[in-house]
Structure formats: C-alpha cells, structure tokens
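Structure incoming, see below.
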Amino acid sequence: MGNVSASAPGKCILFGEHAVVYGQPAVAVAVEQRIHVSIQSESDSGDEWKLDGMTFDPLRHPHVAALRQRLWQVEQGAPSLSIRVSGNIPPASGLGSSAALSVAACAALRTGRGRWFNQQPEPSQPSTWAEGYSHQFNTDIAYDASRSISAERKGEAGLHMHYLTDSSVVDTDECALLGHAVEAMAQGGRASPMDASTCAHGGIVLLSDTIESNADYLYTRSLKMEDGQRTWHLHSITPPQGSDDVYLVIGNTGIHAPTSEQVAKVAAALKKNPNRMKEIETIGLIARRGIQSLLEGDFDSVGRAMSENQLMLKGLGVSCPELENLIRAASPSSLGAKLTGAGGGGCMIALTRHPKQTSEAIELAGGRTLISKFGNHGLRVDSSRGLPLWHCGDIE
Ligand code: MEV
C-alpha cells in the first residue's frame, strides 16, 4: 500500500476581499502556516474513505468530496483511501484553510493517480497532458462534477501514449483550478480564485481586471455567477525590496465565521441597494493604489491602503466588534491593519516593522497571534511511496 503527503500554505489578504468576487483587483500573500494532507490507499476499491481515522462524511467535507468526484472516480476502479489532515492554520478564520486543504489534497490525489501524457510526433517537443484540468483547456469542465470523465483529452492520433507517476505530474495550475471550483461550490457559486491560487502558487498573488505589465502573468479564470460572468487575470509579484523588514502579524478573534455566509451577506446588500456597488468599486480603487505602493516597495503607503480598505469593509458590514478591537490594539505599532478574508469574525492582519510589539498588543486585547513573513512557498509534494496508488486506464 502506497502513500503520498502534500502540503500548502494558508493566505492572508492585503487588499480587496469581497470586492474581488465582483471582479475588482486584490492581493493575497501566502503565510508560513500550512495544511498537510496525506493519503494512503486501502486494499479494497470503493468509496468507503476514512478521514483522520473516522468514516469519511461527504457532507462534512464537501471540498474533499468534490475533489474525489473529479480525480478519484470509484466507478473507474479507484481504491478507497485513508486521509490524514494536519497543520497549523486555524479553520474557518479567513486564513484559507479550506483552499490550502483543497490544493494539497488535489496534489496528493494527482500524484497518487499519475497522469497520461500525449506523445508529440517530434521527440524534441514537450509531451502534453492527455487528462486533467488546466486554463489552457476548457476550464468549465472543472466546475462541473458531472462532466469529470470528459476531462480526458485525446492526443493527435487519439492515443494516450505514456503514463507518468511521480510528483512531476502535479501542475500547480490544475490544483488552483480545482481548488477554485470546489470553493465556488462551497460558497454557493460565488468565489474568486484568490484563495486557491495563493495557496497553490505561494508568494504574492495579484488579481486584476486587466493583464498587468509590471507583474508576472499566470493565467485568466472565469466563473459564471447568478448575476453574470466574472473574469480575473492572475499574476504573481516578486516580493519587493524591503519586504525582509516587514512582518504580517495575524490576530485571531477565535470566532468562526463561514465565508459562504459573509459572501451571501454582501450579495444580499448589493441586491437590495445596487448603488452600494460604488463601495465595491472604492475598495477596488484603494486596492489599485495599494498594489502600486507594494510594487514600489513603499510599505508605509501599503499600510495606509490596508487601513483605508478596513474602513470600507466595516461600512460593508463584514467587520465585527471583536475584529475592530484587535485592529485598534495593533494600530499604534503597525503600518496598517485590517480584517483578512471574509470577516464577521476570524482574523485580522497588521503590517508591521515591530512584530513582537504588535503581537503583544493584539494578545493583550484578547487575540491569539501568528507571525508570518512575505513570500512563502506554495504547494509541494513532501513525500510519496509505492506509486501509483491507482491508475485510470491500462498501462502497457
Ligand atoms: C475569502 O478569503 C475572500 C472573499 O473575497 C471570498 C472570495 O474571494 O471568494 C471574501
């Protein structure tokens, strides 16, 4: 029996949460804290999975259930799995624990399953995938569990020519794409790709309504929502000079606040009063200014933009007294502070040159703190043994 372990970081958002769901720019940073997912194949085939030693309940773990439908189809003979999840990202706190779990699980399942590739006619040409999900192909399939098997693509001659089974079959784009698809499902059809892409790629991720010339373009994602199609252009940003001297102090209120409820709350407020879209646009303008300051390495201005962003989030109704209390405590020793993630509880972040002082102030105000630097690693496969755990199709 083989096994695979993969891990992915959590994230915090410098600017633009909620507004990014409506296509406004935003920036998120991978944090040091990670989720580890390990999968081990059981000898029988079937859907009797175990999660942390207990019978797996798809209703309690919709993200994992949705990945199983897309990558580990029992009707194609996939064996049952025992999954273990560990890590130091507090759940339902705005730090991307569910996105980190999804992208790490996706990498583990893909490694466990291997991948068919199409042989190119010219040996010098790189081979292309014969199965799986990517922005280069039809991304819509990833969002539709009923069409998972059609994620298969034939090669030029209609053949799958060769099969690989090591961690090189993992593609960060695929993990981010499936991560987004399952987040969208869990958030009632409304989710930006920000969390999944940041947890998958690590570092600093910028989402914009245009392709930015001063950041490294990754790909474009689209999602049909109830009120229209949204498109995001994703980029990664190299940590600017000076980022070694600043820290992110995360303060946890300890209040669990599901993202889906906060996202639905904002959607309802906009439906009731469409004029409030101006607030969303203002968050976009603040984010754009913050992004420019970040690219210039002007962290004092980044901090100011974060604090302005917080005022707008408070106006939008997604802050709460406990978050405001921690933000107030952090402010004197930091460059800027705001809630991070969906709000309504969960965490705030402070950008600071004095992490110890800021952290102590937040703790004195009743928050639990974590400290993180900029530019942390994204998704990775940490170990594997006895591959493949399963393969879809015959290996010659
Ligand atoms: C949650 O971490 C961020 C939100 O903007 C939702 C999303 O982007 O899907 C609130």
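Just so you know, ligand 1 is whichever comes first in the structure, and atom 1 is the first atom listed for that ligand.
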Residue list, side chain to side chain donor-acceptor pair (under 3.5 Å) with Thr231, at least two apart or on another chain: Ser222
Centroid-centroid under 6.0 Å between His180 and Trp232 rings: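 Yes, the ring centres sit under 6.0 Å apart.
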Residues forming a side chain to side chain donor-acceptor pair (under 3.5 Å) with Ser319, sequence neighbours excluded: Gln310, Glu324
For ligand 1, which of its N or O atoms have a protein N or O partner closer than 3.5 Å, and how long is each gap?
{"residue": "ligand 1", "atom": "2 (O)", "partner": "Lys11", "partner atom": "NZ", "Å": "3.1"}
{"residue": "ligand 1", "atom": "2 (O)", "partner": "Asp195", "partner atom": "OD1", "Å": "3.2"}
{"residue": "ligand 1", "atom": "2 (O)", "partner": "Asp195", "partner atom": "OD2", "Å": "2.8"}
{"residue": "ligand 1", "atom": "5 (O)", "partner": "His18", "partner atom": "N", "Å": "2.9"}
{"residue": "ligand 1", "atom": "8 (O)", "partner": "Ser192", "partner atom": "OG", "Å": "2.6"}
{"residue": "ligand 1", "atom": "9 (O)", "partner": "Gln187", "partner atom": "NE2", "Å": "3.3"}
{"residue": "ligand 1", "atom": "9 (O)", "partner": "Ser192", "partner atom": "N", "Å": "2.8"}

Side chain to side chain contact (heavy atoms under 4.5 Å, CB included) between Ile283 and Asn309, worked out: CA-CA 6 Å; Ile283 293 180; Asn309 191 162; 3.8 Å; yes
Verdict with supporting geometry, Glu174 and Arg70, side chain to side chain contact (heavy atoms under 4.5 Å, CB included): CA-CA 11 Å; Glu174 178 180 62; Arg70 288 160 177 80; over 6 Å; no
Of all pairs that satisfy side-chain hydrogen bond (donor to acceptor under 3.5 Å, both in side chains), the ones with a partner from residues 255-274, not counting sequence neighbours: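 Output for this query is empty, none listed.
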